[in-house]
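In what follows, chains carry the letters A, B, and so on, assigned in the order in which the sequence lines appear, proteins first and then strands, with residues in each chain numbered from 1.
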Protein chains: 2
Amino acid sequence: MTGYYQIEGRHLVAVDCIIFGYDIRDKDLKLLLVKRNMDPGRGEWSLPGGFVKEGEGVFEAACRVLNQLTGLQNVYMEQSFAYGDVNRDPGGRVISITYFALIKYLDIDPVKQKTTGAQWRSIKELPILVFDHRKMVDRALRQLREKVKIKPVGFELLPEKFTLVHLQDLYEAIYQRKVDRRNFRKKIQSMNLLEKLEEKEKETSKRGAFYYRFLPANYEEFTRQGFYFNLDVS
Amino acid sequence: MTGYYQIEGRHLVAVDCIIFGYDIRDKDLKLLLVKRNMDPGRGEWSLPGGFVKEGEGVFEAACRVLNQLTGLQNVYMEQSFAYGDVNRDPGGRVISITYFALIKYLDIDPVKQKTTGAQWRSIKELPILVFDHRKMVDRALRQLREKVKIKPVGFELLPEKFTLVHLQDLYEAIYQRKVDRRNFRKKIQSMNLLEKLEEKEKETSKRGAFYYRFLPANYEEFTRQGFYFNLDVS
DNA sequence: CCAAAAGTGTTAGGCTTACACCCATGC
DNA sequence: GCATGGGTGTAAGCCTAACACTTTTGG
C-alpha cells in the first residue's frame, strides 16, 4: 500500500459463491448452501461467502471460500456480478461480488461438509435465502445457461466417465426442459469432444450404456473458437 | 449502518466507465477518455472513474461519474466486470467495478467536456491507458459485441433519425468487419423495429437516403423475448 | 419372453449467405 | 450525361427440428 489515496470511503467487500453441482442419480442440478453463522440472518440459508481480506485478491477470496467449504482447488469458477446497492445487506453496507463455480458433486470433502453443515439443494426447490442471495442465484443460473451454449462447461459437472444419457440429463436439468435424444446425440458427437470407451455403465439398464470420456485437447480448441451449442426446444 | 460487522478489511472501491459513442461522420466507434488528474499516473490517459462514496450505491457512483463528465442521465449502462487483483493499481489496493455506457456522440455537454478535458478516441487507435484499463476496455468491447446480437442496443448510439446506411456503418464499426448490404437490410427490416420517415438525409449523397426512427414499443417487445441478431461474416 | 432403457436416420422447412443490377439526383 | 451512393430479389446450401422403430439383456 503506497498510500496515494484518501482513507475515507472504504467499504466492506464480500464474495458469495454460487456452487453448482449435478447429481447424476436424481438428475438434478443443485446448489451448495450453508446456514448463515453470523448476525443478522443467523441460521438462515445463505450462499457461502466471506469478506475479502486485506492483501487478498477478490478472486482468491472466492477460491478460499470454496476451498474451505469443499476442500477443492482449481475448479471452474467465473465471476458473476457485483452487487453494490447500499441497503442490500441489513447488517451494514457491504459490496458483494459473486462467483459461480461448477464442481463434481461427489468431489467435496465429506469431513469439511460435516463441519460446515453445507448442503446440496435442488435448484427446483431452493429454500428462502437471506438478503438478495436469491437474485444472485437467478442471475448466475441465467449466466450458466448462456455459458453452456458457448462452452461445453457441462463437463465440469460430470464425473470422468459418463454416458450420453447422463450428459443429456445434465442439459435437461440445466435448462429444465426436454431435449430430443437423437438430435442431442448427433450434435454432441459431431463435435469430437468425446472419446467412446469400451466399458459400459450397467447400473441403470440391463443393456448398459457406453461410457464416454471427454477429450480436453479438443475441448480447448472448441472453446477458443467459440462454438455454438444450441439446444432445440421441446 | 447497523454495525454488525468487523471494521477490519475495508477497501477502496472505484468505478470506471467505458463510455462508447459513435461518430456518424467518420463511421468510428469511440471511447470517451480523460487524462488522469491524480497520482500515480497523473496526466496519463484513463477511463473516467471515481471512488464509491459512503452511502452511495455502486451503480449510482457510475452514474455520477458519467453525469459529471457528460451531463447525461438515464443512458444505457451495464455492469461489465469487477477487477479485484491486489496489485492492479500501483497507488494502493483498489477494487474497481466497471460499467459500459452507450451514449449519443453529440449529446455530451460541451462545457463539461471542456472543463474535464474528456476526449473521444477511436477504438481502432486507443492511446496507452493507465493500469489495467486497456483490459477493461477489451472486455467491455467483447461484451458490447455480444450484447448487440441479443439486444438492438446499437440504437442507443445513433441519433433519433438515422438512415439504414448509418445503422449498417455502426454495426460494421462495432464488429470491425464488412456486412452484406442486402442481407443486413432484409434482416433489420424484418424485425419491425424501424419506422420509415418521409424525410431524406441528403448530406452524403445526391439521391438521399430515407431517415428511419426506431420504435421503442417494438424494441421492448424484442429485447424481452431475447431475439438473435447474427451478422454474417464477410 | 418381456420389460426397460440404449441406440440409430431421414426429411421438410427455415435461415444464412452469396451475389449484380437499376435508381435518383446534383453537378 | 455521368458519377455517386441508395436501393432491391433470388437461389443454394446448411442447420434445425420433428419424428418411430430396433437392439440388448437381466430377470
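One can place CG of Asp180(B) at 13 Å from C1' of dG7(D), the figure rounded to the nearest angstrom. The separation between Lys178(B) atom NZ and dT17(C) atom C1' is 17 Å, rounded to whole Å. The CG atom of Leu167(A) sits 12 Å away from the P atom of dG7(C) (whole-angstrom rounding). Rounded to a whole Å, the CD atom of Glu201(A) is 11 Å from the C1' atom of dA6(C). Between the P atom of dT10(C) and the CZ atom of Arg185(A) lies a distance of 17 Å, rounded to the nearest Å. When rounded to the nearest whole Å, the span between CG of Asn183(B) and P of dG7(D) equals 16 Å. Put simply, CZ on Arg181(A) is 14 Å from C1' on dG9(C), counting in whole angstrom units. Between Ile188(B) atom CD1 and dT8(D) atom P there is a gap of 15 Å when expressed in whole angstrom units.
Comparing Arg182(A) and Ser205(B) by the nucleotide of DNA chain C whose heavy atom lies nearest to each, the residue mapping closer to the 5' end is Arg182(A). With DNA chain C read from its 5' end, the first of the two nearest nucleotides for Leu164(A) and Lys200(B) is the one closest to Leu164(A). Residues Lys206(B) and Tyr212(B) both approach DNA chain D. Their nearest nucleotides, taken by heavy-atom distance, put Lys206(B) toward the 5′ side.
Thr204(B) comes within 4.0 angstrom of the backbone, heavy atoms only, and of no base. Here Lys186(A) lies in heavy-atom contact (under 4.0 Å) with a base.
Salt bridge Asp138(A)/Arg134(A): present, at least one basic N to carboxylate O contact under 4.0 Å. A salt bridge links Arg213(A) with Glu195(A): the distance from a Lys NZ or Arg NE/NH1/NH2 to an Asp or Glu carboxylate oxygen falls below 4.0 Å.
Each of Arg181(A), Arg25(A), Lys27(A), Lys178(A) was scored for a salt bridge (Lys or Arg N to Asp or Glu O under 4.0 Å) with Asp169(A), with one residue passing: Lys27(A).
Of the possible polar contacts, one joining the Gln176(A) side chain to the Ala173(A) backbone as a donor-acceptor pair under 3.5 Å is found.
Ring-centre distance between Phe214(A) and Phe162(A): not below the 6.0 Å cut-off.
One can find a donor-acceptor pair under 3.5 Å joining the base of dA6(C) and the side-chain atoms of Arg207(A).
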